[in-house]
2 protein chains.
Amino acid sequence: MSTKKAPCTNTALIILEKSIPLFAKSGFTGVSMRDIAKTVGISIAALYHHYPDKQSMYIAAMGHAFSDMSTSIHSSLEIKGSAEERLSNFITSFTQQMADSPDFRALLQRELLDGDDERLKLLATKVFVEPFKALIDLAHDLYLDCDAHLLAISMTGLILFHFQTAPIRQFLPGGRPEHDAPEIIARHVLMLVSGVFNNVQQEAEY
Amino acid sequence: MSTKKAPCTNTALIILEKSIPLFAKSGFTGVSMRDIAKTVGISIAALYHHYPDKQSMYIAAMGHAFSDMSTSIHSSLEIKGSAEERLSNFITSFTQQMADSPDFRALLQRELLDGDDERLKLLATKVFVEPFKALIDLAHDLYLDCDAHLLAISMTGLILFHFQTAPIRQFLPGGRPEHDAPEIIARHVLMLVSGVFNNVQQEAEY
DNA sequence: GTCTATAGCCTGATAGAC
DNA sequence: GTCTATCAGGCTATAGAC
């Protein structure tokens, strides 16, 4: 367990870790093997010793980035408490994790645009299936009888979209730098979702 | 006014209209001048007669795509009625417009990832500033005293994220094909936002 | 305004020495 | 496992005829 977190000296893994920021910034077609070789500090031919082609390297890099995020998310789903506490905790920690992982966010966006079914399935099962199950359980415990899948999408989307739009918000009415702070975003999303909670309770009382 | 909507026979505009789907599908670096020339049905050299380089052509294509969306959105912001009716109408029509414009959605996502400040400012002023103003007015009329900018981002994000995640939802718990329908998405988002409305009213009564 | 032809560079990928 | 050298083809962009 502790060995997995040790700084990596294996060349194949170093290639992945150094190429992830490049792919996040410029996408698959925007990064050349030359760029990667230069960043890693080895020759192009050496890259091909570890991966048969660029596509395989990209997929391996995605798998690595998604595994990292997976462990990070998993570790924050276990907290016990009331349903309200767990909801608040999920939103807060997920928002903080996304704020801490700009590369993952960019890769996620790029995969949603360009990923084929195989890559999207990997992304789903490695990263999002478990938090989605937790969210659906949470919706059940909170007596939210709206579609749990749609609600889970909405909650993750609410959080992620605030980060996605960060670069354009300075040009939109009311946009201010404070709006980028994860604490502000988390509080806002929790307010929105709590609204649903109360709303459905009201309807149930009719 | 009617002339603007007439089918275009000007080569420079045909180039834009035929290249927009290519850029939407594969991004700037994923489309070559060869691809565009082939799709338009002219030679590469002819492309360079109308645009000085690939970058200029891409920016012109973005401007064209965003203008189209701008007029489409503007035409649905004028409807009168109570604040609740206008909210419902905005969500419904915006969701429908996004459902009808997959190319615009893809270009928007790509620009959020790769656009520089100049391009993002164009995107903001051409497309999003006006609906944002309408949403902020709406939030005021509904006595929502939460941050209007954050709420506007959240509403557009709620809608857009359901489309963004369409290809991956089949791999997530509870995902079903019906969830892609704009009517379902619009109703779900309206339910979420109405929840806020009731919630804030409750708080105001305390 | 459109064409053919091409320059000059960059691309992914390989061969073979060490 | 890493290197240098290289290939064949794609890339953006241009020249010059019609």
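In the text below, chain A, chain B and the rest are named by the order of the sequence lines, each starting its count at 1. All values derive from a computational prediction rather than experimental measurement. Hydrogens, waters and symmetry mates play no part in the numbers below; they use all other heavy atoms, side chains included.
Distance from the side chain of A:A45 is smallest to D:dT4 among D:dT4, C:dA13, D:dT12. When distances are taken from the side chain of A:S43 to each of D:dC3, C:dT2, D:dA13, the shortest belongs to D:dC3.
The distance from atom CD1 of B:I42 to atom P of C:dC3 is 6 Å, rounded to the nearest whole Å. Atom CZ of B:F28 and atom C1' of D:dT12 are 10 Å apart (whole Å). Atom C1' of nucleotide C:dG1 and atom CD1 of B:I15 are separated by 10 Å, given to the nearest angstrom. With rounding to whole Å, A:I36 atom CD1 is found 15 Å from C:dC10 atom C1'. Between A:L22 atom CG and C:dT11 atom P there is a gap of 13 Å when expressed in whole angstrom units. Summarising the geometry, the separation between NZ on A:K54 and P on C:dT14 is reported as 15 Å, rounded to the nearest angstrom. The distance from atom CG of A:L47 to atom P of D:dT2 is 10 Å, rounded to the nearest whole Å. When the P atom of D:dT2 is taken as reference, atom NZ of A:K38 falls 19 Å away, rounded to whole Å.
Separating the NZ atom in A:K80 from the CD atom in A:E85 is a distance of 12.5 Å, to the nearest 0.5 Å.
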Output a table of nitrogen or oxygen pairs between the protein and nucleotides 7-10 of chain D separated by less than 3.5 Å.
none

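No side-chain heavy atom of B:F104 sits under 4.5 Å from any side-chain heavy atom of B:Q97.
In summary, A:K126 and A:D68 do not engage in a salt bridge, as defined by a charged side-chain N under 4.0 Å from a carboxylate O.
Each of B:P52 and A:H50 has a nearest nucleotide on DNA chain D; the 5'-most of these lies closest to A:H50. Between A:I44 and B:H49, the residue anchored nearer the 5' end of DNA chain C, judged by the nucleotide with its closest heavy atom, is B:H49.
At a threshold of 4.0 angstrom between heavy atoms, the contacts of B:V31 are confined to the sugar-phosphate backbone, with no base atom among them.
Relative orientation of the B:H149 and A:H179 rings is parallel, given thresholds of 30° and 60° on the angle between their planes. Classified by interplanar angle (parallel below 30°, tilted 30° to 60°, perpendicular above 60°), the ring pair A:F94/A:F90 is parallel.
Open room surrounds CD on B:E118; 12 or fewer heavy atoms of other groups in view lie less than 6.0 Å from it.
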Q. Given the rule in the side chain to side chain contact (heavy atoms under 4.5 Å, CB included) test, do B:Q164 and B:R105 qualify, once you have shown the distances and angles that lead to the verdict?
A. CA-CA 8 Å; B:Q164 282 185 31; B:R105 282 187 275 126; over 6 Å; no

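For the pair A:Y48 and C:dA13, the criterion of a side-chain N or O lying under 4.0 Å from OP1 or OP2 is met. Considering only side-chain N and O atoms, A:T11 lies under 4.0 angstrom from the phosphate OP1 or OP2 of D:dT2.
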